[in-house]
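Let me begin by presenting the structure, written as structure tokens, before commenting on it.
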Amino acid sequence: MVGLSACGSSDSGTGGGSKTVTLVSHDSWAVSKNVLAAFEKQSGYKVRVLKDGDAGQAVNKAILTKDNPQGDVFFGVDNTLLSRALDNGLFQSYEAKGSDQVLPEYRVDQDKHRVTPIDTGDICVNYDKAYFSKHELTPPTSFDDLVKPAYKNLLVTENAATSSPGLGFLLGTAAKYGDDNWQDYWKKLKANGVKVVDGWEQAYNEEFSGSAGGKKAKADRPLVVSYASSPPAEVIYADPKPKTAPTGVATGTCFRQTEYAGLLSNAKNTKGGKAFLDFLLTKRFQEDMPLNMFVYPVRKGAQVPEEFVKFGPQAKNPQTMAPDRIADHRDQWVKSWTSLVLK
């Protein structure tokens, strides 16, 4: 799927350089038209967007085409897949303007500046409030709760091999239970009836009874692996808007995810690509992001919408994992998880 913005100058720029910047991203990329138009007017570049499936798919395709890339900038590689992109030489060095304004906990690769942190969010189990109220059952709050008999056959998650939230949830359990015990945890989860589907769209909008899509599909799973920002989305997109979110977050199941963008190694328009990376760290873009992509900004002082504060606050103590630990174990963990859970 290719989306072209309507504004901007023609391709025949001065000095022989292209006046089009091509952004390659996963399907969730979104920006307000007026915010993008302001960048195009100010910079003189027209932005072309190429969406390439979910995050894992998009990263893999970018690696396969790195010698002759589809675009100039890639957005949407997250901390679960970052080492794969860096080890494969996907990006060239560029320290974006505004990098000094990024909150320190999100900065990585400080010696080479191959990627720029853009946003952050928490992958967490969401629950359907109406289901738990109707069944007079307390919603789970932790990983430990999910394996209890009371929650048998209630959880749906995504495939860790094909889905970014699915992988994040697996990494969250590895961070929580350690190298020696995460597999035992998943054995218990499997015995407790966890359902695995390919991706987030299917899990959230077709299997989860608490989402607007799930209600239409008559879904029967009241627990789903999604994001801490999913409850605000349920409020914002509802018509009429409810006073409170119909879904909640099990805050003890969260794994912190950060997304990055970078200048592709063989980008044809490096000058335009650099200008676009600078734009992604501006306060205007950072404050525009939450209601478009349902993620949190990483820039100091960037404001978040009231609905986020009210219905989707960031987890106070999410599970985290150092990128090098993810790099060392990810592929083996996914392999083990696949044989354990899917077979």
Side-chain angles (χ1 to χ4, degrees), residues 80 121-160 163-197 199-200 202-211 214-215 219-234 244-257 310-321 333-334 336-338 340-342:
T80 68
D122 294 327
I123 294 167
C124 318
V125 170
N126 283 209
Y127 60 85
D128 175 359
K129 289 179 180 176
Y131 175 93
F132 286 93
S133 173
K134 183 182 169 186
H135 291 81
E136 297 182 342
L137 184 60
T138 305
T141 60
S142 66
F143 287 115
D144 285 350
D145 283 349
L146 297 174
V147 298
K148 291 177 179 173
Y151 307 108
K152 191 174 177 71
N153 299 329
L154 301 188
L155 175 66
V156 58
T157 188
E158 301 85 359
N159 188 329
S163 160
S164 180
L167 178 56
F169 186 59
L170 166 59
L171 294 176
T173 63
K176 167 76 176 166
Y177 297 106
D179 294 2
D180 299 329
N181 298 310
W182 73 263
Q183 293 189 33
D184 284 341
Y185 175 77
W186 275 94
K187 282 176 190 166
K188 290 176 191 168
L189 210 54
K190 187 179 181 182
N192 214 33
V194 65
K195 183 173 186 177
V196 179
V197 297
W200 178 86
Q202 185 185 352
Y204 192 80
N205 289 319
E206 295 175 27
E207 302 284 346
F208 176 50
S209 61
S211 68
K215 285 185 179 75
D220 62 359
R221 295 259 162 172
L223 296 173
V224 65
V225 172
S226 190
Y227 294 91
S229 55
S230 298
E234 289 295 333
T244 187
T247 57
V249 170
T251 53
T253 64
C254 299
F255 178 80
R256 178 70 42 94
Q257 184 182 47
K310 209 169 171 185
F311 306 122
Q314 287 184 287
K316 286 189 171 66
N317 298 297
Q319 297 295 333
T320 58
M321 195 178 285
W333 281 343
V334 169
S336 300
W337 178 91
T338 301
L340 194 70
V341 181
L342 299 185

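Note: F132 and Y127 have perpendicular aromatic rings, judged against thresholds of 30 and 60 degrees for the angle between ring planes. Relative ring orientation between Y177 and Y185 is described as parallel, the plane-to-plane angle staying below 30° on a 0-90° scale split at 30° and 60°.
Residues A228 and C124 share a closest heavy-atom pair of CB-SG, 3.9 Å. For the pair A160 and L170, the tightest heavy-atom approach, listed with the atom from each and the gap, is CB-CD2, 3.8 Å. Across all their heavy atoms, P140 and A250 have their closest contact at O-CB, 3.3 Å. Of all heavy-atom pairs spanning G193 and N153, the tightest one is CA-OD1, 3.3 Å. The minimum heavy-atom distance linking G172 with Q319 is given by the pair O-CG, 3.7 Å. Across every non-hydrogen atom of S163 and G199, the tightest pair is CB-CA, 4.2 Å.
Inter-residue side-chain proximity for L342 and N159 is flagged as met; some heavy-atom pair is nearer than 4.5 Å. Contact check for R256 versus I123: no side-chain heavy atoms found under the 4.5 Å cut-off. A 4.5 Å side-chain heavy-atom check between V334 and L167 finds at least one atom pair inside the cut-off. In this structure, the side chains of E234 and F311 stay at 4.5 Å or more apart for every pair of heavy atoms. Side-chain contact between K190 and L340 is absent, with no heavy-atom pair separated by less than 4.5 Å. Counting heavy atoms from C-beta on, the side chains of T244 and K129 come closer than 4.5 Å. Residues S230 and T247 fail the side-chain proximity criterion, which asks for heavy atoms closer than 4.5 Å.
Within a 6.0 Å radius of NZ in K215, more than 12 heavy atoms belonging to other residues, nucleotides or ligands are found. For K310, the NZ atom is loosely surrounded, since the number of other residues' heavy atoms within 6.0 Å does not exceed 12.
Separation of atoms CG (D122) and OH (Y227) is listed at 10.5 Å; rounding is to 0.5 Å. If you take CG on L146 and CG on L189, they are separated by 6.0 Å, rounding to the nearest 0.5 Å. Between T253 atom OG1 and L155 atom CG the span is 9.0 Å, to the nearest 0.5 Å. To the nearest 0.5 angstrom, S209 atom OG is 10.5 Å from R221 atom CZ. Rounding to the nearest 0.5 Å places CD of Q257 at 6.0 Å from OG1 of T80. Y131 contributes atom OH, which lies 6.5 Å from atom CG of L137 (distance to the nearest 0.5 angstrom).
Counting only distance, with no hydrogens or angles, the side chain of N192 and the backbone of K188 share no donor-acceptor pair below 3.5 Å. Distance alone, capped at 3.5 Å, is enough to place a donor-acceptor pair between the K152 side chain and the A191 backbone.
Residues that satisfy the ring-ring contact (aromatic ring centres under 6.0 Å, His included) test with Y204, not counting sequence neighbours, are W200, F208.
Applying the ring pair (Phe, Tyr, Trp, His ring centres under 6.0 Å) test between F169 and each of W337, W333, W186 identifies W186 as the sole match.
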